Structure formats: structure tokens, C-alpha cells
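Below is one structure, written out as C-alpha cells; the observations come after it.
Keep in mind that what you see is a predicted model, and the values were worked out from it rather than measured. Naming: A, B, ... by sequence-line order, numbering from 1 per chain. The basis for the numbers below is simple: all heavy atoms, side chains too, and nothing from hydrogens, waters or symmetry mates.
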There are 2 protein chains.
Amino acid sequence: MNKDIPDIHDLLQDLSWYFGNQGFDDECCEDLSLAEYMALKKVYDIQNITIKELGVSLNITKSGISKIIDRLEKKCYVSRHQSSSDGRICCVLPTEKGNNAIHKISNRYSEYLDEILGAVDEEALQNIKDTLELLFKAIQDKGFIKSN
Amino acid sequence: MNKDIPDIHDLLQDLSWYFGNQGFDDECCEDLSLAEYMALKKVYDIQNITIKELGVSLNITKSGISKIIDRLEKKCYVSRHQSSSDGRICCVLPTEKGNNAIHKISNRYSEYLDEILGAVDEEALQNIKDTLELLFKAIQDKGFIKSN
DNA sequence: CAAATTAGTTGACGATGGAAACTAAATGCA
DNA sequence: TGCATTTAGTTTCCATCGTCAACTAATTTG
């Protein structure tokens, strides 16, 4: 094994702590929990995604994701729609409020990140992006570390 | 703002989901929650760290971190020691079991990451590590996004 | 030495997500 | 066609977790 691998994992884990629950919420993200935000983002990115697909892609059980969508719907960020072709399937769409929230939160975080990375030049930013993309694709292909 | 910033944030957030609670636990990490593992890692990295310092560095309230240490102590991963110079202060040390757990879990994750990044050449790995280090340092300097 | 500050603990509480049982719809196959 | 099986989603019960606020004990301040 390459000697950098453990260090890379360590860094990923520490970074994730910042971008996970510990770095989330507060005045930033309205009344959304991290899980709710992640689900809303998926709903925004993949319009008409089903409950099941949401659960799989976020690695949350179906009862878990069902309740997350309950909360998002109650707070008017998304709406459920029964599929016309298969009555069992429930498709989720963002509402106007949902779309706005995604934009607002994304902007807020981008400003934060911009402050942090203000001194980094464009080429380096491009490299950061490429690197993260490479990492994400690799990890996504492999699936979650847990059973899945 | 550089156009890559929002993409970088998005990638960081998605990656963090994998390395946060959603990608954690199960057969991998014995009976440790992610928060417990992060605390244990800090205790391991900074021997004799105080409860207060742990809370600050992990961005957890003092009652929260106190209970996390309770659990780690009950499961015999760490031990508390009263400071001899200041009776209010409680220093935390990993036990043998704690040290072993850190090594074991770190290895487990490194193997996982090694599988994922197996095809990546050494130079690229070095770049990944450098990039993540740059990111982490920048974010660490800035502090958590929330009040703190 | 009394008041204020600081470190840490505890109890009550709310939020959250999983397991299992359940409903309803679709599919398989005889 | 018709019943058994599978699939999507919901609901109930429950355990875990971290926060807030109140508390104890030790230290510092003046």
C-alpha cells in the first residue's frame, strides 16, 4: 500500500467532520438538518427522484428517508407525487421554496469557501476541483464502505 | 468569486457524506460511533488533551463531549486523569484498547481507500494528499463555519 | 476572604434514524 | 384469470445522541 493512503484517509475524515454535522446548520441553513439538506439537494439535482432512489443514494434506510421527506414536505421544501405508471412509486420534486433554499445555502457556503481559499490561485483551484472529482468518482464507483 | 468554488464545495459536501455518519460504523468500527471515534482519535493524537480542548476542537458542547468521554471510558478506550496542577481540569488518555482500536480502524479504512485508489499512480496520490492538506489547513485556520 | 470565573457533570429533553410490521400496488406464474 | 410473491412506501416503537440549563467543585481576582 502506498504510504500516502493512510494520510489521505485521515485528511478526508477530518475534512468531513468540518463539512458534516459539526460544520453544518446554525444561522446558515434555515431549518434544515444536514440530512434534510442532502436529500433536498438530491431532489433538486435529480428531479422526480423516487423515495427509494433517494435512500439508496444517500445510504439511508427507507423508513429513514421516508421521514426525512416527511419533514421536508411539512416545511414545504418538496412535494410528493404518485407515479402515473406505477402506483407504488412516489416521486419527489422541490418546491419554489426548495429551489430557493438550495441556491441560498449553496451561495452561503461558497462565500465561506471563497474566504478560505481566497489566496489560492486559479490553477490551484482547478487542481483542487479535479482532485476532489477524481476522489469522489472513485469512491462513488466503489459504493459506501458499509454493506450498502 | 472563482467559478470553481461552488463546485468544490459541492464535492466536499458529497465526499463528506461518505466519510461522515453515512459511511461510518457497521462491522468496521467495533462499537464506536463516529463522534466517539473522532474523539478517540484526538485523544490519541494529543495525549493528555483536556475535555474542554476536545470539545473546542471537535465543535461539540462541553456536556456533549463529557458524555462522549463517558462512553469511551465505559467501553475502556480512554481514561480520565485529574490534572495535578489544576483540580478542575480533566485530562484524557487512550488505553491500550484505545490505541489498538485506532490502529485497527485506520488500517481498515486505509485498505478500503487503497482498493478505491489502487489504479492511481504515486504522483497523483501525492497530489491528492497535498491538495487535501492545503484544504484542511485553510479550513482549520478559518474555524468552523458555525459561530464557534 | 468573598465574588467571579472556569472545568466538568448531570438531568430533562428533542431530534433523529433504524427495525419490524404493515398497506397497497404490481408482477409472476399456474 | 387468480393467488402468491415482490416491491414501494409508511408507521410504530425504540435506542442513540447531543444540547440546554442547572449544578458542583476548583481556581483566580481584587
Worksheet item: Expressed in angstrom and rounded to an integer, what is the separation of B:I89 atom CD1 from D:dT27 atom P?
Response: 9 Å
Item to complete: Map A:E36 and A:S84 onto DNA chain C by nearest heavy atom, then report which one ends up closer to the 5' terminus.
Response: A:E36
Practice prompt. State whether A:R80 and A:D70 are salt-bridged, where the test is any N-O pair (Lys NZ or Arg NE/NH1/NH2 against Asp/Glu carboxylate O) under 4.0 Å.
Written response: yes
Practice prompt. Let me see the working for B:F19 and A:F19 under side-chain contact (heavy atoms from CB on, under 4.5 Å), right down to the final yes or no.
Written response: CA-CA 10 Å; B:F19 285 91; A:F19 284 90; over 6 Å; no
Worksheet item: CD1 of B:I69 versus P of C:dT9: gap in Å, rounded?
Response: 9 Å
Discussion item. Reading DNA chain D from 5' onward, which residue's closest nucleotide shows up sooner: B:K62 or B:I68?
Written reply: B:I68
Discussion item. Using a 4.0 Å heavy-atom cut-off, does A:K52 contact any base of the nucleic acid, only the sugar-phosphate backbone, or nothing at all?
Written reply: sugar-phosphate
Worksheet item: B:Y37 has an atom OH; how far is it from atom P of D:dC17, in whole Å?
Response: 17 Å
Item to complete: Could you state the atom-to-atom distance from NZ of A:K74 to C1' of C:dT16 in whole Å?
Response: 14 Å
Worksheet item: How is B:I65 classified with respect to the nucleic acid when contacts are heavy atoms under 4.0 Å: base, sugar-phosphate, or nothing?
Response: nothing
Practice prompt. Can you tell me the distance, in whole Å, between the CD1 atom of A:I60 and the P atom of D:dT10?
Written response: 14 Å
Discussion item. Closest approach to the side chain of B:C90, judged atom by atom: which nucleotide of D:dA26, C:dT16, C:dG8 is it?
Written reply: C:dG8
Item to complete: Give one of base, sugar-phosphate or nothing for B:G64, where a contact means two heavy atoms less than 4.0 Å apart.
Response: base
Worksheet item: Relative to each other, are the rings of B:Y37 and B:Y109 parallel, tilted or perpendicular (30° and 60° limits)?
Response: tilted
Practice prompt. Among C:dT16, C:dT9, D:dT10, find the nucleotide with the atom closest to the side chain of B:R80.
Written response: C:dT9
Item to complete: Check if the side chain of B:K67 and the base of C:dG11 share a donor-acceptor pair of N or O atoms closer than 3.5 Å.
Response: yes
Discussion item. Can you identify which nucleotide, out of D:dT11, C:dA19, D:dC17, has its nearest atom closest to the A:T61 side chain?
Written reply: C:dA19
Discussion item. Checking A:Q126 against A:D130: is there a side-chain donor and acceptor pair closer than 3.5 Å?
Written reply: yes
Discussion item. Using the side-chain heavy atoms of B:S63, tell me which of these nucleotides is nearest: D:dG9, D:dA26, C:dT10.
Written reply: C:dT10
Worksheet, complete the sentence: Whole-Å distance, A:Q82 CD to C:dA24 C1', equals 10 Å
Practice prompt. Starting at atom CZ of A:R88, determine the distance to atom P of D:dT5, rounded to an integer number of angstrom.
Written response: 16 Å
Worksheet item: Would one find a side-chain N or O of A:S66 under 4.0 angstrom from OP1 or OP2 of D:dT10?
Response: yes
Item to complete: Take the protein atom CG of A:L54 and the nucleotide atom C1' of D:dT10, then report the distance between them rounded to whole Å.
Response: 15 Å
Worksheet entry | Nearest heavy-atom neighbours spanning B:L32 and B:Y77 | CD2-CE1, 3.6 Å
